[in-house]
**Student:** 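Would you mind keeping the following structure in view while I ask a few things?
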Amino acid sequence: MQVRTAGLAVMLGVVPLAYGAYTAFRRPRRGTAPVAGLLCLGWLAWLTLPGLPAWGPVLPVLLAVPAIRAALPKAAGPGRAGP
């Protein structure tokens, strides 16, 4: 029973850690904000990276979509009509 509780506690910690990293890097400042952001990102990486092989083909697709989008020519916006 303790293993399930620990897993739940770790998964519930992902959201606050992600929010902490987001707020730390939203506005770059001097002091402890970048250190706190790196600490949050480090914990998130430690929690999530061991599970990446279980994602299967999802990770390559997530990496390929921005690369394909960057390679496509930019579409011209709609023309202006009127005076």
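Scope of the values below: all heavy atoms of this structure, side chains included, with no hydrogens, waters or symmetry mates. By convention here, the first residue in the shown sequence is residue 1. Model, not experiment: these values are computed from the prediction.
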**Student:** Can you classify the ring geometry of Trp43 versus Trp46 as parallel (below 30°), tilted (30 to 60°) or perpendicular (above 60°)?
**Tutor:**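 Because their plane-to-plane angle is over 60°, the rings of Trp43 and Trp46 count as perpendicular.
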
**Student:** Would Tyr19 and Leu38 show up in the same hydrophobic cluster when neighbours are defined by side-chain heavy atoms closer than 4.5 Å?
**Tutor:**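 No, because Tyr19 and Leu38 fall into different hydrophobic clusters, even though each may have its own neighbours under 4.5 Å.
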
**Student:** So if you build clusters from Ile, Leu, Val, Met, Phe, Trp, Tyr with side-chain heavy-atom gaps below 4.5 Å, do Leu63 and Val58 land together?
**Tutor:**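 Cluster IDs for Leu63 and Val58 match.
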
**Student:** How many angstroms lie between atom CG of Leu12 and atom CG of Leu17, to the nearest 0.5 angstrom?
**Tutor:**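 That separation rounds to 11.0 Å.
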
**Student:** Heavy atoms only: give me the nearest Pro16-Gly13 pair and the separation to one decimal.
**Tutor:**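 Looking at all heavy atoms of both residues, the shortest contact is CD-O, 3.3 Å.
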
